[in-house]
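Below is one structure, written out as structure tokens; the observations come after it.
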Amino acid sequence: MKGLNNIDKLPLGIFPTPVHRLDHLSERLGIDLWIKRDDLTGAGLGGNKVRKLEYLLAEAKKQGARLIFTTGGAQSNHAMLTAACAGKLGLRTILILKKRGVTECRGNQLLERLMGTEVRFVDTDDYGEIYAEMDRVGQASGLPYYKIPCGGSNALGTLGYVDCAKEISEQGVHFDHIVCAEGSGGTMAGLALGAKLFLPGTQVHGMMVDTDPFDVITPKLMREAAALLGQSVTVADRDYHLMDVCGPGYAVASPEGNAAVGLMAENEGIFLDPVYTGKAFAGLIALAKEGAFQPKERVLFLHSGGAGGLFAVEME
Ligand SMILES: *Cc1c(COP(=O)(O)O)cnc(C)c1O
């Protein structure tokens, strides 16, 4: 299968994901609120990484890899989904995870146990060391291997969210705003580039759940992904909007995020997570309160998943 501009892509999820209005929350928040259900991407327990992996694992296969490496924290949704998608392709996965977060057999760790995924913890936050460890383990295995960066957020992975913007453009409803979580950057950059290409008049808001320099990362990934599509884009400030919703730290629950998780669960029966989507939705609510959305404007919230980690969090 081929994706945008004839780039190799594997069908790993079930697309298009649904777009629907949140009637009850629209009424409660006084805005026209819709949701894009990328929690229902159809692999693992769903989530945004499946779209990126369709490109990344196609490239891995093309290069002849038999072993896949990736990294993240102990409860990385991306790591779990990489193992789930690679497994479907008959590829072996070794996860080299940072010893951060819940390392016991709960949440995504439990799901990895069920899949028989090999998990190794390293006591470092230094990606240089982590990628060097992948090379050591990969070379020792004797198998051809492929390394996927944290969050799948390189130019190739970013194309998955250019696809998503195109998909939204084909679903028949115009949105004035799209709001998503930004953790490693690929989702936001892909949507912002995709909006430039396929969604004229749509503004994309990235809710930063980590403290990385997303004002540098976002336009860089947009330009690099555009180059893969054979396009040279100039990224202007108005092409993307960032808001800090990180609170006490990455993967540390915030009161606003937890309240947003509760609000969505109570009013719509949809489960967000405290690390990404809850904080992102809290950002959307803050924008609504500031009057950032005009009365007639339609707002789309990207539900990017996170169900796996939900069973390994402590909430007040
Ligand atoms: C990884 C992740 C994100 C953030 O996406 P990035 O492309 O890494 O910025 C958002 N939500 C969930 C549930 C995730 O697992």
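- No donor-acceptor distance shorter than 3.5 angstrom exists from the side chain of S254 to the backbone of G247, with no hydrogens or angles considered.
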Pair Y146-F69, ring pair (Phe, Tyr, Trp, His ring centres under 6.0 Å): steps then yes or no: CA-CA 6 Å; Y146 185 82; F69 287 101; over 10 Å; no
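- Looking only at distances, no side-chain donor or acceptor of Q75 sits under 3.5 Å from a matching main-chain atom of G101.
- Defined by atom type and a distance below 3.5 Å, a donor-acceptor pair is present between the side-chain atoms of Y161 and D38.
- Not counting sequence neighbours, the partners of E224 by the salt bridge (Lys or Arg N to Asp or Glu O under 4.0 Å) test are K220.
- In this structure, R21 pairs ionically with D32, as a charged nitrogen and a carboxylate oxygen lie closer than 4.0 Å.
- Every side chain to side chain donor-acceptor pair (under 3.5 Å) that D8 has, sequence neighbours left out, goes to K2, K62.
- No donor-acceptor contact under 3.5 angstrom links the side chains of K279 and Y250, judged on distance only.
- With hydrogens and angles disregarded, no donor-acceptor distance shorter than 3.5 Å links the side chain of H241 to the backbone of V179.
- For the residue pair H24 and E268, no side-chain donor N or O sits within less than 3.5 Å of a side-chain acceptor on the partner.
- In this structure, L45 CG and N108 CG are separated by 7.5 Å, a value rounded to the nearest 0.5 Å.
- In this structure, I14 has no side-chain contact (heavy atoms from CB on, under 4.5 Å) partners at least two apart in sequence or on a different chain.
- The main-chain N or O of T124 is never found under 3.5 Å from a side-chain atom of K99 such that the two would form a donor-acceptor pair.
- The OG1 atom of T17 sits 8.5 Å away from the CG atom of D39 when rounded to the nearest 0.5 Å.
- With rounding to the nearest 0.5 angstrom, the CG atom of L263 is 5.0 Å from the CG atom of L25.
- Under the 4.0 Å criterion applied to side-chain N and carboxylate O atoms, E59 and K61 are not assigned as salt-bridge partners.
- Checking T70 against K147 by side-chain atom types alone, no donor-acceptor pair falls below 3.5 Å.
- For E133 (side chain) and V122 (main-chain N/O), no donor-acceptor pair under 3.5 Å exists by modelled atom type.
- A distance of 6.0 Å or more separates the ring centres of F301 and W34.
- Side-chain atoms of D273 do not come within 3.5 Å of backbone N or O of G306 as any donor-acceptor pair.
- Residues E112 and Q109 have side chains that bring a donor and an acceptor to within less than 3.5 angstrom of each other.
- At distances below 3.5 Å, at least one donor-acceptor pair connects side-chain atoms of D239 with backbone N or O atoms of A236.
- No side-chain donor from either of H174 and R298 sits under 3.5 Å from a side-chain acceptor of the other.
- Defined by atom type and a distance below 3.5 Å, a donor-acceptor pair is missing between the side-chain atoms of Y276 and N77.
- Screening R51, K52, K9 for a salt bridge (charged side-chain N to carboxylate O under 4.0 Å, His left out) involving D163 leaves a single residue, K9.
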